[in-house]
Amino acid sequence: MIDYKKELNPAQYEAAMTLEGPLLCIAGAGSGKTRTVVYRLANMVEQGVAAHDILLLTFTRKASQEMLHRAGELLGHGIGAVSGGTFHGFAYSVLRQHPPQGFEGGLSIMDSADATEALKYCKDTMGLGKGDKSFPKTATVMGMLSKARNKEREIGDILQREAFHLAAYRDDIVQISTGYSNYKREHGLLDYDDLLFELENLLRTRPDLLDYYRHRFKYIMVDEYQDTNLVQARLVQLLAGGHRNVMAVGDDAQSIYAFRGANVQNILEFPAMFPGTRIVKLEENYRSVQPVLDLTNAILAEAPVAFHKTLFTSRTGGNLPQLVKPLSDLTQANQVVNKIAELRRSYEPKDIAVLFRAGYQSYHVEMQLSKAGIPFRKYGGVKYSDAAHVKDVMCYVRLLINPLDLPAFQRLAANVKGVGPKTALKIYEASRLADPSTLDRLLKKYPDFAKDLELVDSLRRQRLEPVEVLEEVLEVYKPRLMQLYPDDYPRREHGLEQLVQIAATYRELDLFVSDLSLEDPNPDAAASEDHITLSTVHSAKGLEWDAVLVIDLVEERFPSKQALQKADDLEEERRLMYVACTRAREYLGLFVPSSIYSRGGGGNEPAMPSPFVRDLPVYLYEEWKENYTGGLMQREYQQQRTMRLGDSVPAAPDAFSRATGGESEPAFAPRTASRKLGHCTHKIFGRGKLIKHLPPDKYQVNFPGFGLKVIMEAYLQMEE
DNA sequence: AGGCGTCGCTTTTTT
DNA sequence: AGCGACGCCT
């Protein structure tokens with residue numbers, strides 16, 4: 001028997017024990033969210049719930065597998081057939097069993113590269129935006145279309161709000177959008193957004209199926225609920241609408257996917273969607289040492305989040321986070337590598353990570369790490385399955401599943417010398433319309449492509465395992481690999497070996513293909529023990545390391561350039577910064593280069609430190625500057641710092657959470673008023689910004705240089 | 001007419 | 001580094 005009461009804190013215990021009815025778990029960073037879900041799963045099994053009855057929706061398949069694995073360990077036996085994965089993965093698994101109208105002949109999932117290519121094709125064939133230099137790029141148009149669908153608003157609306165300069169192209173963009181939809185239907189293609197909407201449509205139009213799935217999944221858990229969008233919330237409502245045994249877990253402070261339509265309101269409105277929801281807040285942090293936690297709390301203090309939490313930790317000791325100011329982003333790479341070398345004396349490589357806002361920002365660090373012989377693994381940015389050779393090979397496989405998949409057909413054809421999109425389309429039309437004379441003539445002209453089509457046909461006749469299919473394809477494709485990529489074909493060949501390895505774990509071809517586009521498989525994750533991690537902050541979500549280094553903390557990089565315009569976007573960047581820093585257990589390094597290389601400015605340009613760093617009270621970190629010889633020197637302590645030394649947490653956490661959490665207050669109290677608060681002056685701390693009114697007579701105030709304080713109103717001089 | 005090489009320009013984040 | 005426009009080649 002598991003002693004739940006002993007192994008969980010009271011809030012975790014409550015969440016793990018509540019199995020029936022709707023439950024919302026607000027879990028701060030590092031508060032043992034996974035642990036709580038794991039114990040809850042174990043409890044379910046002990047209470048006699050069959051694994052088969054549980055649906056566990058998580059952000060990545062890896063996350064659901066880890067939860068199941070750990071629950072299995074806890075129970076001392078496997079937990080078996082829990083269904084789980086991402087919303088998109090789940091949607092596909094349902095849709096492949098119940099193909100929507102028009103997809104009976106086969107159904108291909110397009111990843112974002114496929115979708116953009118298809119959109120470009122539509123744009124070109126419709127002759128829109130030709131020769132107009134300021135016409136938005138295909139990728140930009142794709143982004144707008146996807147945003148409109150995710151937020152469920154008109155395209156014109158999105159353009160107006162997010163890209164005013166493109167509003168003039170609204171009609172053209174709407175036309176492209178219509179053309180794209182038709183194209184997808186015609187060729188049996190679904191993009192990521194379609195998966196969710198088609199699933200909703202299926203459940204709404206087929207009451208029998210809705211009923212079936214409601215009985216099939218008697219318990220539903222949704223992780224990272226703050227990153228769900230509107231249609232995902234409706235799917236949860238549909239699926240859990242019968243029994244209402246549904247748990248949502250999330251943290252509004254870690255919502256970082258608004259750009260793709262994630263709606264923080266979802267988590268706030270969960271109790272309204274499921275009346276009678278029990279709310280549990282996990283606020284004790286088990287991950288980070290106090291100095292790291294103090295700094296992350298300070299980042300969040302300025303954010304207007306609905307549930308204000310100040311996390312507290314029981315982890316004692318720990319050093320102050322370091323703020324390192326290299327002279328440029330180039331020397332930053334050296335400083336990062338030096339620091340990693342130093343950290344490796346105390347930590348395993350797998351416990352060290354370098355985080356950044358965008359994929360390209362790790363470029364210099366990657367170079368220096370390679371030079372220093374430190375192995376690393378990069379997450380985020382370009383995906384493994386985006387590599388041209390992987391896409392090439394997968395096109396053969398896609399045509400097996402869906403013969404109408406025109407993008408796949410065109411891509412294969414384009415690899416043959418002398419064939420471009422137009423010729424490919426001719427062959428495609430000729431084969432589809434059964435026009436043997438044209439077909440014969442064209443295939444004679446391009447014997448290489450004829451060979452490809454023969455291969456696909458012969459594979460379609462046989463019923464082979466995924467791995468066997470791949471081996472046959474590679475036999476034809478490998479010789480072509482050298483021809484196509486003479487410069488680096490050995491590296492690509494290695495990548496294809498990995499693809500075969502992945503294929504070997506599947507029995508069904510369509511699952512192999514869909515998984516590859518729905519979830520980056522991360523080929524040799526198992527062999528990553530001796531690798532340090534480089535990752536975008538988005539891809540680092542839900543993970544943690546002993547030592548975390550965040551780089552490029554300058555204006556226009558982090559926060560990113562385009563987020564500086566709108567307040568909402570800037571708040572999302574702040575939460576992103578919060579997510580980055582809360583990944584650290586013990587060491588946190590913030591790197592702020594004084595200049596960055598930019599193409600436009602013709603070399604190095606001075607850079608402003610990120611506002612997220614600028615606004616931090618100085619006593620929360622120690623500052624190191626790089627000198628001309630590449631060494632680091634510590635900045636002399638400022639007056640405030642000396643004054644504050646020996647002081648503990650900026651805001652006394654107990655008092656604060658008691659004052660804000662409030663057993664009497666409804667837990668869902670949006671902090672609407674706080675935005676309107678102004679400034680005040682205090683005799684000792686000087687001028688500060690009012691953050692929150694703590695009734696009846698206190699205010700939480702942020703004083704530059706002193707940080708968060710809770711002060712009696714009588715001691716404050718208010719400004720207008 | 002369609003394919004292919006070259007030059008100039010611009011880079012967020014992900015299922 | 002990748003897209004798009006432009007111009008030359010088959």
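Numbered from 1 within each chain, the chains take letters A, B, ... in sequence-line order. Since this is a predicted model, take the numbers as computed values, not measurements.
If you check every strand for non-hydrogen atoms under 4.0 Å, A:Tyr257 touches sugar and phosphate atoms only. The residue A:Gly380 sits close only to the backbone: its heavy atoms come under 4.0 Å of sugar-phosphate atoms, none of a base. Within 4.0 Å of A:Thr86, counting heavy atoms only, lie sugar-phosphate atoms of the nucleic acid but no base atom. Among the heavy atoms of the strands lying under 4.0 Å from A:Val419 are primed sugar atoms or P, OP1, OP2 only; no base atom is included. Residue contacts for A:Lys120: at a heavy-atom cut-off of 4.0 Å it reaches the sugar-phosphate backbone alone, with no base atom in range. Base engagement by A:Gln562 is indicated by at least one non-hydrogen atom pair under 4.0 Å involving a base atom.
What separates CD of A:Gln254 from P of B:dT14 is a distance of 16 Å, to the nearest Å. Across the protein-nucleic acid pair, A:Asn150 atom CG and B:dT13 atom P stand 17 Å apart, rounded to whole Å. Atom CE in A:Met144 sits roughly 14 Å away from atom C1' in B:dT13 (whole-Å rounding). Here B:dT12 presents its C1' atom at 11 Å from CD of A:Glu572, a figure rounded to the nearest Å. A straight line from CD1 of A:Ile427 to P of B:dG2 spans 13 Å, rounded to a whole angstrom. The separation between A:Tyr121 atom OH and C:dG4 atom P is 16 Å, rounded to whole Å. B:dT14 atom C1' lies 16 Å from atom NZ of A:Lys62, rounded to whole Å. The interatomic distance linking A:Glu366 (CD) with C:dA1 (P) rounds to 11 Å, in whole Å.
The aromatic ring of A:Phe259 sits over the base of B:dT13, with ring centres less than 5.5 Å apart and planes inclined by under 30°.
Looking at heavy atoms from C-beta onward, A:Leu516 lies in side-chain contact with A:Leu499 at the 4.5 angstrom threshold.
Mapping A:Ala563 and A:Ala424 onto DNA chain B by nearest heavy atom places A:Ala424 closer to the 5' end of the strand. Each of A:Phe87 and A:Lys426 was assigned the nucleotide of DNA chain B with the nearest heavy atom; the assignment lying further toward the 5' end belongs to A:Lys426.
With B:dT15, B:dG3, B:dT10 as the candidates, the nucleotide lying closest to the side chain of A:Lys137 is B:dT10. Side chain of A:Ala358, nearest nucleotide from B:dT12, B:dT14, C:dG4: B:dT12. Out of B:dT12, B:dG5, C:dG4, the shortest distance to the side chain of A:Thr138 is found at C:dG4.
Within 6.0 Å of OH in A:Tyr360 there are more than 12 heavy atoms belonging to other residues, nucleotides or ligands. Few gaps surround CZ on A:Arg614; more than 12 heavy atoms of other groups in view lie less than 6.0 Å from it. Atom CZ of A:Arg480 is surrounded by more than 12 heavy atoms from other residues, nucleotides or ligands within 6.0 Å.
For A:Thr423, a side-chain nitrogen or oxygen approaches OP1 or OP2 of B:dG3 to under 4.0 Å. For C:dT10, neither phosphate oxygen OP1 nor OP2 lies less than 4.0 angstrom from any side-chain nitrogen or oxygen of A:Lys417. Look at A:Ser539 and you'll find a side-chain N or O under 4.0 angstrom from OP1 or OP2 of B:dT14.
When each of A:Leu196, A:Asn201, A:Leu203 is paired with A:Leu199, the side chain to side chain contact (heavy atoms under 4.5 Å, CB included) condition holds for A:Leu203 and for no other.
Not less than 6.0 angstrom separates the ring centroid of A:His187 from the ring centroid of A:Tyr121.
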